[in-house]
Amino acid sequence: MIDIQKIREDSKAVIERYQVRNFNASDLVRRIKELDARRREAQQELDSTLADANATARKIGELFKSGKRDEAEPLKEQSADLKKRSKKLQEEMDAVTHELQELMTNLPMLPHPSVPAGNTEEDNEVIREEGEMPQLPESAKAHWELAARYDLIDFAAGTKVTGAGFPVYKGKGAVLQRALISFFLEEAGKAGYTEYQPPLMVNAESAYGTGQLPDKDGQMYHVASDDLYLIPTSEVPITNIFRDTIMEENELPVKCTAYSVCFRREAGSYGKDVRGLNRLHQFDKVEIVQVAHPDTSYEVLDEMVDYVAGLLEKLELPFRVARLCGGDLGFASALTYDMEVYSAGQKRWLEVSSISNFETYQAQRMKLRFRPAEGKNRLAHTLNGSALALPRVMAALLENNQTADGIRVPAILHKYTGFDMIQ
RNA sequence: GGAGAGGUGGCCGAGUGGUCGAAGGCGCACGCCUGGAAAGCGUGUAUCCGCCUAAAGCGGAUCAAGGGUUCGAAUCCCUUUCUCUCCGCCA
């Protein structure tokens with residue numbers, strides 16, 4: 001949710017900025033402005049009515065105490081009237097507030113000035129490209145073929161046991177997966193992130209706090225009997241740890257990392273994009289989350305991008321970093337960098353990380369604030385990124401390192417896997 | 001799942017119808033004291049909204065949440081929810 005103050009101050013600028021997202025906010029903003037004005041009017045009226053009622057009640061109390069009960073009788077009537085009126089005003093105000101709130105949640109985060117305009121992926125701005133592209137023969141295989149050949153992943157078994165999109169990792173495939181998790185967590189620890197193991201299900205308040213609800217309702221698995229949601233990413237439970245808190249300024253930034261299984265319904269996905277490990281309903285991910293001071297949150301964002309780039313370098317994977325254009329930007333994000341690795345068997349770029357600064361979007365919803373040295377409490381900024389999502393990293397590792405003798409395991413992982421070749 | 005107890009400020013804890021946003025203590029901050037520290041003394045110490053862009057000031061709301069009784073509710077009633085204890089079940 002954006003700060004309504006921005007709309008009060010300069011609604012034109014707000015509407016203009018939204019155009020980067022191709023989001024026409026003019027009607028919405030106009031109605032918000034109206035409602036906001038009405039709300040404040042209503043509150044003033046309500047407050048003064050309540051003030052009268054309070055004063056009257058106090059007077060009655062005094063009269064009772066001094067034994068002048070009969071004098072209190074007319075005041076009682078007056079008080080009853082005031083009560084009736086304030087009740088009505090309260091209802092009006094609640095209605096307006098509720099509507100205003102609802103409209104506000106329909107506004108996406110304001111994009112950062114550096115966000116390029118545009119509609120689709122095509123308009124994303126590649127700002128960095130690193131690593132050596134693997135030179136493979138024409139006969140190079142996609143990871144699902146390699147997985148079958150070396151018995152690393154049993155897609156059919158997963159389909160039988162659960163359904164499509166729930167792969168079964170096996171043997172060295174399972175070990176490699178575990179090795180990657182250990183590697184990512186250990187690196188995050190070295191970089192100052194505190195490791196967490198969060199719940200894999202969250203309640204509706206948490207899903208609302210990070211913005212999964214109400215916007216992306218259909219994307220999460222919902223356990224109806226207990227009204228809980230399977231997490232689509234550990235961002236949700238981790239960030240919500242800080243919901244409804246006021247931190248001390250010197251506690252910022254808070255750096256958290258967590259490994260978790262992630263569940264996504266991916267309703268509507270189909271086709272070649274979903275082959276193999278490319279898109280799953282259940283996958284593993286190590287996430288990094290930071291709660292940052294608003295004055296330095298973009299430095300934090302850069303730091304996170306550099307950190308993830310470092311991981312990819314260590315894994316010897318060629319990658320590129322793209323700044324998402326307005327049309328591709330998530331609802332809650334002010335600025336997002338996507339990290340993609342080149343997967344040589346499929347000859348395509350695979351997104352393995354998405355690193356975003358949500359500024360106050362989540363903080364506003366979850367009332368995550370801090371106490372500055374001077375002045376009023378301020379909303380913190382929240383950021384997060386994958387570091388990294390496992391399946392596509394796995395896909396790229398398998399594809400890029402295939403040789404006639406088997407699949408080579410990058411040196412950095414040897415101490416976690418205990419083997420250096422998959423044969 | 002069954003039985004009982006209870007949710008008050010950063011924490012502990014008092015408060016059973018009026019002047020209670022709430023005693024007292026702890027913690028924390030600042031000041032005094034000290035060679036320095038501890039102790040001691042003093043002062044301050046919740047959040048949100050509005051008047052007002054801000055400070056001061058004023059008004060409103062908040063004692064788990066929602067509703068009710070009453071002129072007036074932290075206090076009485078109802079519902080929901082959470083926590084704790086005992087029993088049952090169980091990784």
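Because the structure is a prediction, the values reported are computed rather than measured. Numbered from 1 within each chain, the chains take letters A, B, ... in sequence-line order.
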Open item on the list: Under 4.0 Å from OP1 or OP2 of B/U47: is there any side-chain N or O of A/R369 that close?
Closed with: no
Open item on the list: Nearest whole Å is fine: how far is B/U53 P from A/K6 NZ?
Closed with: 18 Å
Open item on the list: Using OP1 and OP2 only, check whether a side-chain N or O of A/K367 sits under 4.0 Å from B/A46.
Closed with: no
TODO: Using the P atom as the reference point in each nucleotide, state the distance between B/C86 and B/C77 in Å, no decimals.
DONE: 28 Å
Open item on the list: One thing to verify: whether A/K6 and A/D3 come together as a salt bridge, which I'm taking to mean a side-chain N less than 4.0 angstrom from a carboxylate O.
Closed with: no
Open item on the list: Both distances below 3.5 Å, Watson-Crick or wobble geometry, any strand: find the nucleotide opposite B/A37.
Closed with: none
- [ ] In plain terms, say whether A/E187 and A/K190 are close enough for a salt bridge, that is, a side-chain N and a carboxylate O under 4.0 Å apart.
- [x] yes
- [ ] Please state the P separation for the pair B/A23 and B/U43 - nearest whole angstrom.
- [x] 15 Å
Atom pairs under 3.5 Å: protein N/O with N/O of nucleotides 55-64 of chain B:
from: B/G59; atom 1: N2; to: A/D47; atom 2: OD2; distance (Å): 2.9
from: B/G60; atom 1: OP1; to: A/N54; atom 2: ND2; distance (Å): 3.2
from: B/G60; atom 1: O2'; to: A/D47; atom 2: OD1; distance (Å): 3.0

Task: Under 3.5 Å on both distances, the Watson-Crick or G-U partner of B/C71 - done: B/G18
- [ ] Please determine if A/E303 and A/K255 form a salt bridge, counting it only when a charged side-chain N lies under 4.0 Å from a carboxylate O.
- [x] yes
TODO: Pick the C1' atom in B/A14 and in B/G21, then give their distance to the nearest Å.
DONE: 15 Å
Task: A/K285 to A/Y259 six-membered ring, cation-pi geometry met (6.0 Å, 45°) - done: no
TODO: Look through every strand shown and name the nucleotide pairing with B/G42 as Watson-Crick or G-U wobble, where both distances are under 3.5 Å.
DONE: B/C30
TODO: Take the protein atom CG of A/L379 and the nucleotide atom P of B/U47, then report the distance between them rounded to whole Å.
DONE: 14 Å
- [ ] Rounded to the nearest angstrom, tell me the gap between atom NZ in A/K87 and atom P in B/C71.
- [x] 13 Å
- [ ] Could you please name the option among B/G68, B/C51, B/C71 that lies closest to any side-chain atom of A/Q44?
- [x] B/C51
Task: Nearest-Å distance for atom pair CD/P, residues A/E62 and B/C71 - done: 18 Å
Open item on the list: Please report the distance separating the P of B/U47 from the corresponding atom of B/C52, rounded so that it comes out in whole Å.
Closed with: 24 Å
- [ ] Provide the distance between the two P atoms, one in B/A64 and one in B/G9, to the nearest whole Å.
- [x] 8 Å
- [ ] Take the protein atom NZ of A/K84 and the nucleotide atom P of B/G72, then report the distance between them rounded to whole Å.
- [x] 12 Å
Task: Side chain of A/K83 - closest among B/U47, B/U70, B/C51 - done: B/U70
TODO: Take atom CD of A/Q90 and atom C1' of B/G68, then tell me their distance rounded to the nearest Å.
DONE: 16 Å
Open item on the list: Looking at A/K12 and A/E16, is there a salt bridge between them, counting it only when a charged N and a carboxylate O are closer than 4.0 Å?
Closed with: no
- [ ] Figure out the CD/P separation between A/E205 and B/C82, and round it to whole Å.
- [x] 10 Å
Open item on the list: With a 4.0 Å limit, can you tell me whether A/R8 has a side-chain N or O closer than that to the phosphate oxygens OP1/OP2 of B/U53?
Closed with: no
- [ ] Once you apply the 3.5 Å cut-off to both distances, tell me the Watson-Crick or G-U wobble partner of B/G6, or none.
- [x] B/C82
Open item on the list: Rounding to an integer number of angstrom, what distance separates B/U69 and B/C11 when you compare their P atoms?
Closed with: 33 Å
Task: Span that lies between the C1' atom of B/A73 and that of B/U16, in whole angstrom - done: 10 Å
Task: P gap between B/C26 and B/C20, integer Å - done: 23 Å
Task: Separation of B/G72 C1' from A/E77 CD (nearest whole Å) - done: 16 Å
Task: Paired nucleotide for B/U53 [Watson-Crick or G-U wobble; both distances under 3.5 Å] - done: none
TODO: Please check if atom CZ in A/R30 has more than 12 non-hydrogen atoms from other residues, nucleotides or ligands closer than 6.0 Å.
DONE: yes
Open item on the list: Can you confirm whether more than 12 heavy atoms, excluding those of A/M1, are under 6.0 Å from its CE atom?
Closed with: yes
Task: Cation-pi geometry met for A/R264 and A/F283 (6.0 Å, 45°) - done: no
- [ ] In plain terms, say whether A/D36 and A/R8 are close enough for a salt bridge, that is, a side-chain N and a carboxylate O under 4.0 Å apart.
- [x] yes
TODO: Could you tell me which nucleotide pairs with B/C89 by Watson-Crick or G-U wobble geometry, both distances under 3.5 Å, or answer none if nothing does?
DONE: none
Task: Residue closer to the 5' end of RNA chain B, A/R371 versus A/K76 (nearest nucleotide) - done: A/R371
Open item on the list: Taking pairing as Watson-Crick or G-U wobble with both contacts under 3.5 Å, can you name the mate of B/C48, or confirm there isn't one?
Closed with: B/G60
Task: Of the listed nucleotides B/U47, B/C49, B/C71, the one nearest the side chain of A/S79 - done: B/C71
